[in-house]
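Here the structure comes first, spelled out in structure tokens, and everything after it is commentary.
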Amino acid sequence: MQVKKILLLTVSLGLLSTFPTQASDSIPGTSGKVMLYSPYTRISVAPGATITYNIDLINKTKHSVNLPIRIVGLSSVWRHEMKAGGWSINQLAVLPGEKESFNLTVNVPLKVNKGSYRFGVRAGQTYLPLTLTITQKGTYQTELSTEQPNMQGNSKSDFRFNVKLKNQTADKQLYSLVSDAPIGWNVTFNVKGSQATSAQVEANAEENISVKMTPPANIEAGTYNIPVSASTGSTSAKLNLQVVVTGTFDMELTTPDGRLSNKITAGSKKKIELVIENTGSSLLNNIKLNSEKPEGWEITFDPQQVNILKAGEKTTVIATVKASRKAIPGDYIAKFEANTPEVNATAEFRIAVETSLLWGWVGVLIIVIVIGGVYYLFRKYGRR
Amino acid sequence: MNNTISPFWVIVNKEIADHLKSWRFLILLFILLLTCMGSLYSALHGFKTPIKSEDPNNAFFFLKLFTVSDGSLPSFAIFISFLGPLLGIGLGFDLINTEQNKGTLSRLLSQPIHRDCIINAKFLAALSVISILFFALSFLVMGFGLLYIGIPPTASEFWRVVFFDLVSILYVAFWLNLSILFSVCFTQPATSALSSIAIWLFFSIFYPMIIHLVAHATSPSEMATPHEIYHFQEFIMSLLQLSPSELFNEATTTLLMPSVRSLGPLTMQQVQGAIPGPLPLGQSILVAWPQLTGLIAATVICFALSYFLFMRREVRSR
């Protein structure tokens, strides 16, 4: 860059040799009386900044002057423009003893090295040297960043990352947002409140993107690295997000066919098959079986305790229900519970009690005896 | 014998014809029809009040035709329990003694028929009239109800109504047998009618009052244990169940309200964990089975007694 600047200087010096024809407009020897003035000749700026110089062209001669104005020593990457009175200018005329102002706007490119850059404004033979100090090294790229690239949660939770997409190029960019998640993960990007697969960012602007990650249902505990990227044809940025999934404890208690109702005769026993399923992602230890039952009922389990149940596995337990002898016919609720220190599962059973037929038969017996008596009367007194 | 009808059925046919032609039957029929229409009106009027959603009997909407009333008139089931006995007594109180007083009994007995044919046939004839009447009435109520509410009964509701009819017939058969018994005992029809009606009035009006008195006198103190209260309730219930109308009411309540799960007092242990819900028909019958057994036994015993007395009776021509 420095080399380039020197080159530009020599070119402008070369141009100088062709100037005499134009310089002749000003009166020779009085050129010292035409001067350029700007108060801020050394400015420190950051890459990407825009500086506006207010420059005066002062004519102290006794003639009006009409001078071409050019910028010397500024690379074309540094976009610049001179304006006065709302017009873009490159020549300025000044009455004797007066001054004219014009503005010089310089856009510092983003991709620029740290250091001092010298350039100047030349009007005829007058030269105004200007210096810009770039305080930091500029970039010409996209930046994807987050304050918190790591999150922890169980397999049932969602993970939301807030990602900042910074467009540090000179142009407006339309980024496509892509994640490279393992199979089963669901990754969505939210831009400006709505779900999106691409985001448009103005030059030198930034956009907040929320990335939501939903792990698959049966994920194992562990650390998962999920890279997300924003890319266009010319520029791209990548960010590694890390999700730590802790194991979940989940258990289900049901019957083999899912039916949670049964019939029982008052005072009798009934065996009910129960299935315990570990639906979490961790090992379950010491599953104890309990029951909440109507008074006078007895519920026992075989086995009473399941020692180990691996993730995703099932086991069968036989519950023996003994209804109270005094239970009235109709529906009762009995609750089966499987407890571990980590998680509980319950199954509510609707048990329809039926009256024992014993007393029904006693009633039938009474009726039969009475009818038998009548039959005896018929035989004895029927006079047949 | 094969071509001719047996004398038993001849008497049955004749008796049915006699019943249907008699003014007494027409009056009873008129009263029953009136009450049936009245209770139907009151039930349909009662339907206009909003249904409470937590009532487990809502699934048996059709049965409410027989149990619901708007308060102006009793429901159909209560009418039957009150007027049914009157029908039984009306048909039975003079079956034997009138024939005897008129002298037709000895003439009948001189025919080549068995003596027990007469009493059996008279009982069966009266019972068939009652059965036809009750089925006709309940189907009439069902038909009008169907017209008005437009919801057909489910199979279970239909069978519950049929069983309700059977229980009603059984109940009226008890009163019929009782009045036949009195008509065998007493030579004057007025005496037998009065004594039957006295028993009917006693059980439907005075008996509950007496029980109330007894309950008041023997009620346990406020400090009594739940156990004592439970036994007291059981005692009062067993006293009440001596009355056939109470047996009939309990049986019909169980049949027409499927949510009734028990008829006796309940302990907290029995209720705990129970959830309200309708019973299947078979279970409802089992709940009411002791009551039904009592009714059947009382009916059959009355019949056996009147049979025994009639067969031992000396019948002479005048």
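Values in this document were obtained by computation on a predicted structure and should not be read as measured data.
For A/Thr355, the parts lying near chain B are the backbone and the side chain together; criterion is any non-hydrogen pair under 4.5 Å. Of the atoms belonging to B/Ile296, it is side-chain heavy atoms, and not backbone ones, that fall under 4.5 Å from chain A. Residue contact with chain B, scored on non-hydrogen atoms closer than 4.5 Å, involves the side chain of A/Ile366 exclusively. For A/Lys293, the part sitting under 4.5 Å from any heavy atom of chain B is the backbone (N, CA, C, O) and nothing else.
With rounding to the nearest 0.5 angstrom, the CG atom of A/Leu365 is 10.5 Å from the OG1 atom of B/Thr293. Atom CG of A/Leu377 and atom CZ of B/Phe303 lie 9.0 Å apart (nearest 0.5 Å). Interatomic distance, B/Thr299 OG1 to A/Ile367 CD1, rounded to the nearest 0.5 Å: 9.5 Å.
Closest approach of B/Ala297 to A/Val370, counting heavy atoms only: O-CG1, 4.2 Å.
Put simply, the side chain of A/Pro329 does not reach to within 4.5 Å of the side chain of B/Leu286, judged on heavy atoms.
In this structure, B/Phe163 places its CZ atom where only 12 or fewer heavy-atom neighbours from other residues, nucleotides or ligands lie under 6.0 Å away.
The one candidate from A/Tyr376, A/Phe378, A/Tyr375 that meets the ring pair (Phe, Tyr, Trp, His ring centres under 6.0 Å) condition with B/Tyr307 is A/Phe378.
Not one N or O on the side chain of A/Glu354 forms a donor-acceptor pair closer than 3.5 Å with the backbone of B/Gln283.
When each of A/Ile351, A/Ile333, A/Val362, A/Ile369 is scored by its heavy-atom pairs under 4.5 Å with chain B, the top score falls to A/Ile333.
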